[in-house]
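Let me begin by presenting the structure, written as structure tokens, before commenting on it.
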2 protein chains.
Amino acid sequence: MSLTHLQSFVAVAEEGHVGRAARRLHLSQPPLSRHILALEDELGTRLFERTSRGMRLLPAGEAFLCHARRILAEVDAAVLAVRGLGADRTDH
Amino acid sequence: MSLTHLQSFVAVAEEGHVGRAARRLHLSQPPLSRHILALEDELGTRLFERTSRGMRLLPAGEAFLCHARRILAEVDAAVLAVRGLGADRTDH
DNA sequence: ATGTGTTACGAGCCACGTAACAATT
DNA sequence: AATTGTTACGTGGCTCGTAACACAT
């Protein structure tokens with residue numbers, strides 16, 4: 001699992017559509033589709049139902065979505081927390 | 001930034017030593033050292049003080065460590081949350 | 001000289017994009 | 001036929017490990 005996979009998952013979950021999510025991520029469809037497949041494979045669970053119109057979240061996907069968002073938000077928070085402590089003071 | 005980099009950072013922070021952390025991660029020193037350097041480069045901040053005995057966390061590193069641990073814990077939680085919802089029930 | 005982290009460099013893997021495919025409407 | 005997601009396949013880049021390095025003790 002990678003942060004990229006999580007970002008891909010959230011984008012597809014929100015768009016309900018691999019094509020649109022790919023445009024939003026500045027990526028082509030195949031890699032994005034592979035991200036989702038890899039994630040599902042790694043988790044051992046399908047996250048989306050494939051319809052002829054796009055992708056709809058399954059219950060496992062909805063559960064995972066909350067966690068994925070929290071993780072990505074925490075990453076942003078981590079970056080922000082460190083910016084501003086740039087000086088290499090040893091702080092004793 | 002990648003989850004691998006975060007795992008590497010936590011290991012080095014806990015061991016205070018790239019060599020020991022590398023053994024713990026079943027990795028050789030150079031890639032691990034590069035993970036830390038890449039992280040510092042991406043964050044624009046030094047996270048460790050290099051001593052002749054090893055690596056000691058700087059204030060920015062200590063701040064980042066909390067976040068890194070939380071992120072990794074959340075990843076584990078996300079995986080556990082999905083395991084057990086394996087059946088593709090549509091749940092309405 | 002021993003032990004630390006880092007840089008050079010070559011090889012293998014990974015992930016992208018284009019193109020072709022499968023399937024539904 | 002048009003629109004969806006997926007698979008094939010080749011190329012570029014990334015990342016590993018070995019070896020060589022720089023520095024301190």
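Chain A is the first sequence line, chain B the second, and so forth, proteins listed ahead of strands; every chain is numbered from 1.
- Qualifying side-chain contact (heavy atoms from CB on, under 4.5 Å) partners for A:A63, counting only residues two or more places apart in sequence or in other chains: B:L85.
- Scored by the side-chain hydrogen bond (donor to acceptor under 3.5 Å, both in side chains) test, B:R50 finds B:E40 as partners (sequence neighbours excluded).
- Counting to the nearest Å, the C1' atom of D:dT3 and the CZ atom of A:R23 are 11 Å from each other.
- Distance A:M55 CE to C:dT24 C1': 15 Å, rounded to the nearest Å.
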Task: Contact pattern, 5' to 3', of nucleotides 13-20 of chain D - B, S or - by protein heavy atom under 4.0 Å - done: ---BBBB-
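- At a non-hydrogen distance threshold of 4.0 Å, B:H17, B:V18, B:G19 from residues 13-20 of chain B come into contact with DNA chain C.
- Distance A:L25 CG to C:dG17 P: 11 Å, rounded to the nearest Å.
- In terms of heavy atoms, A:L25 sits closest to A:A11 at CD1-CB, 3.8 Å.
- Scanning for ring-ring contact (aromatic ring centres under 6.0 Å, His included) contacts around A:F64 gives A:F9, with sequence neighbours left out.
- Regarding A:R53, its CZ atom lies at a distance of 15 Å from the C1' atom of C:dA23, rounded to whole Å.
- Residues forming a salt bridge (Lys or Arg N to Asp or Glu O under 4.0 Å) with A:E14 (at least two apart in sequence, or on another chain): A:R24, A:R69.
- B:I36 comes within contact range of no nucleotide atom at all, as no heavy-atom separation falls under 4.0 Å.
- Here the closest non-hydrogen pair linking B:A60 and A:V82 is O-CG2, 3.9 Å.
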Would you list the atom pairs, donor with acceptor, under 3.5 Å between side chains in residues 26-35 of chain A and any protein atom, with sequence neighbours excluded?
residue: A:H35; atom: ND1; partner: A:S8; partner atom: OG; Å: 2.7

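- Whole-Å rounding puts the A:L3 CG to C:dA15 P distance at 13 Å.
- Atom CG in A:L37 sits about 14 Å away from atom C1' in D:dT4, given to the nearest Å.
- At least one side-chain nitrogen or oxygen of B:S33 sits closer than 4.0 Å to the OP1 or OP2 atom of C:dT6.
- To the nearest angstrom, P of C:dC16 lies 12 Å from CD of A:Q7.
- As a whole-Å value, the separation of B:E40 CD from C:dT7 P is 11 Å.
- Remark: A:E74 engages B:R70 in a salt bridge (Lys or Arg N to Asp or Glu O under 4.0 Å) (not counting sequence neighbours).
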TODO: Could you go through the side chain to side chain contact (heavy atoms under 4.5 Å, CB included) check for A:I71 and A:L3 one step at a time?
DONE: CA-CA 9 Å; A:I71 292 164; A:L3 294 174; 4.0 Å; yes
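- Judged by closest nucleotide on DNA chain C, B:R50 is the one of A:S52 and B:R50 placed further toward the 5' end.
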